Amino acid sequence: MKLLVQVLVQRNPVTLKPLSAFDKAYLQYRDALLLKTPGVTKPFLADNFFKRGSLLQTKWLALHADIPHSSPSSPSPSSSSADDELAGVMQTIEATDAVMAERNSDLKSLDRRLSDPVFLTIKSKNLNAWSLPGLMAPLPESELLHEAAKRGLEETCGQNMELWNVGQVPIGHISNEKEKTFIMKQLILSGQVELNTKIASDHAWLTKEEMSTHFDKGYFESIKDLI
Amino acid sequence: MLARRVPKANILCRHLATTPEAATTPSPYLQSSGIDPDAPVARPRLEEYLYSTLVDDLMVLSYCHNSPLAPTVEQLKAKEGKGKSDAYNSTSIATLFQTPLAKLPTRPLEAGRPVTNLLSLKAARYGMYHANAVSGRYKRRLANIIDYTSITDAQFAKLDRLRTKVTRDEHRAFEKHFSPRADHLPAIQKIVLKIWEEKAVNNKQILLPALMSLEAITGASAEPLYATIKDATKIIRVGMPIGATVTLHPPQAYEFLDKLTQTLLPRLREWPGLSPLCSKPKKNIGILGFKIPVGSVGAFPDIEPHFDLYPNLFEIGVEIHTTAGSEKAAVALLSGFQMPFRERDEVIAEIKEADALGRANKTDDPFAKYKKKDAGKGGKK
């Protein structure tokens, strides 16, 4: 029975996910409940922060006259003078969207799809198919799984990546009659892939949906619950 | 209290909508709930990070393959086939909506604070169990149903001890053997901030800046803490207000933790990190804590600009209660939130050293405290 190792290298999401309507409704419901629960939120008393009747206090209160406090944790300040600021913010958001759309299409960029986790996949030369990177040869008896995973990844993808092992235990396995493949998880902290062109012809950082199209159906079925 | 419509904010929210339909038509959920659909919501980033990303890694790090409770592949496959009929395990949304409100698993009305999901339900129930397990003076007594006499205090205490010991051991055993369920994975249950200042014995007024500083930091209502043990030498009587406390539940707890790690802890000088050991492992597994020194409380962004408003600031003891069943799981959780920890071996060595020093200084002479140490001070008569 041959033992093989493959590595799931994950780049964690960098930004929060856009909320669905149901998510938003749930969060608003929770905020509303918390506003009703006594002791959770303290109403803001300007007297605690300013000398009563001072010029500074009157100016501050005037500036914040129509604050719609929507949640206990993050009140949203918005007044007439902040409308211009909002317009500026909108412009930067649109500009950033354009830049991010470009980056999302580059499959080798680590800045793509910032709100989803992305995983490293390589196209091996021998099989001419996309798969997770790993050890090409069966595991020798003297080597431990996590060490073999590290060695396999270095051989295939270079030593330029700063990685952190999530434990020394595999997160899953795929077994046939002939061989068992154990999958280890690592998180990438910094660096980039330097592909070994003898072993692999291409690499990409893909999200789960993209992996389902790139991988063989059987292979994806066996790893989809690990992602 | 809830939002007045601010027109420009609508544009921002519509821009952030996920689908074109959501951008133009308000969803039926939002219409029926009566909540302003354009108001932004609080999104504590650590909470979202925990449930989307961190929880997977925590499971890998803490899952015990040798546990008798870890299900085998056959058991998992068997469970997939049939769906149980109660609301807890049912796979059908329809069954959940057909259950009357009082029977819904996520509305324990005795919890006191709202529980909106199954993940916080276990934490709430565990908390309630421990709250009721404490035996006290005012606990309800059992009555003998034949002659309506109550059993003696001693008998009750014995029964109580047996009962709580059995259930507590069961709970502990269950948590020690980790099995992969989302409500068994560690999450933040609550964060408790405490100030204890014995100088308040003479002067209650100094507690006001203590309460205010806690409220400024957390945004929640602070309450005074009262003495429970009398000490005649320090003129402390039971019931005197000597401290202040505030309890933060999620989601505010996650926001406070974020504030700690991002703004306060980087500014502490010569702070080695949290101790990875729990202070009272038998009772309080999963609770980690540290103290913010007096000089550093002013570094909070809520206090620093108004530093002069506070006549005195106090050392704040922070207790982070997690639903973890072991110290290592609690440490893994908090270090996932970028809390710095000390090396476990170093802390254990330090404690052993302190113990050894204490034992070396202890003498067996029972009259040592009455002997004159120097000529100036008189001994006790």
Side-chain angles (χ1 to χ4, degrees), chain A residues 10 12-13 15-45 48-51 66-76 78-79 82-83 86-87 89-90 93-94 97 117 166-167 169-171 185 187 226-227, chain B residues 1-9 11-12 15-19 22 26-30 33-45 48-49 52-53 56-57 60-63 65 112-114 116-117 212 215-216 218-223 246-249 251-252 255 305-306 309:
Chain A
Q10 175 176 336
N12 278 336
T15 58
L16 293 176
K17 274 197 146 114
L19 288 177
S20 70
F22 182 66
D23 289 339
K24 189 154 192 191
Y26 164 69
L27 289 174
Q28 285 182 342
Y29 168 63
R30 188 172 71 167
D31 282 354
L33 276 182
L34 290 171
L35 278 170
K36 286 189 211 162
T37 313
V40 172
T41 48
K42 188 92 185 146
F44 180 75
L45 297 170
N48 286 357
F49 293 92
F50 297 106
K51 192 171 177 181
D66 29 36
I67 295 179
H69 281 270
S70 56
S71 70
S73 315
S74 56
S76 59
S78 187
S79 65
D83 275 352
L86 194 59
V89 167
M90 290 298 301
I93 289 179
E94 275 157 20
D97 277 351
V166 180
V169 178
I171 59 171
K185 186 172 182 184
L187 298 178
L226 306 173
I227 302 171
Chain B
M1 167 174 80
L2 290 173
R4 257 183 43 190
R5 268 174 197 268
V6 180
K8 291 281 170 90
I11 306 171
L12 190 60
H15 185 85
L16 296 173
T18 44
T19 57
S27 96
Y29 298 118
L30 300 176
S33 62
I35 299 172
D36 189 334
D38 294 318
V41 289
R43 296 185 69 178
R45 118 195 134 97
E48 293 200 24
Y49 173 60
S52 68
T53 313
D56 296 336
D57 294 345
V60 176
L61 291 171
S62 55
Y63 185 53
H65 287 82
R113 59 185 319 283
T116 52
N117 55 68
M212 270 179 53
E215 285 177 354
T218 57
S221 298
E223 276 163 7
V246 66
T247 308
L248 291 171
H249 296 273
Q252 285 81 20
E255 299 218 351
H306 317 282
L309 281 179

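From a predicted model like this one, the values you see are computed outputs, not experimental measurements. All chains are named by letter (A, B, ...) in the order of the sequence lines, taking the proteins before the strands, and each is independently numbered beginning at 1.
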Can you tell me which portion of A/L187 sits under 4.5 Å from chain B's heavy atoms? Options are side chain, backbone, both or neither. side chain

For the residue pair A/V169 and B/V60, what are the closest heavy atoms and their distance? O-CG1, 4.2 Å

Looking only at heavy atoms, what is the nearest atom pair of A/K17 and B/R43, with distance? O-NH2, 2.6 Å

Which bit of A/I171 is near chain B, if near means a heavy-atom gap under 4.5 Å: side chain, backbone, both or neither? side chain

Would a 4.5 Å heavy-atom cut-off, applied to side chains only, mark B/D56 and A/K185 as touching? yes

What residue in A/L16, A/D23, A/L226 has the most heavy-atom pairs under 4.5 Å with chain B? A/L16

Which heavy atom of B/P251 sits nearest a heavy atom of A/L34, and at what distance? CD-CD1, 3.5 Å

Hey, are the side chains of B/T53 and A/P13 touching, using non-hydrogen atoms and a 4.5 Å cut-off? yes

d(A/T15 OG1, B/E48 CD) to nearest 0.5 Å is 10.5 Å

Out of B/L309, B/L61, B/D57, return the one with the most heavy atom pairs under 4.5 angstrom to chain A. B/D57

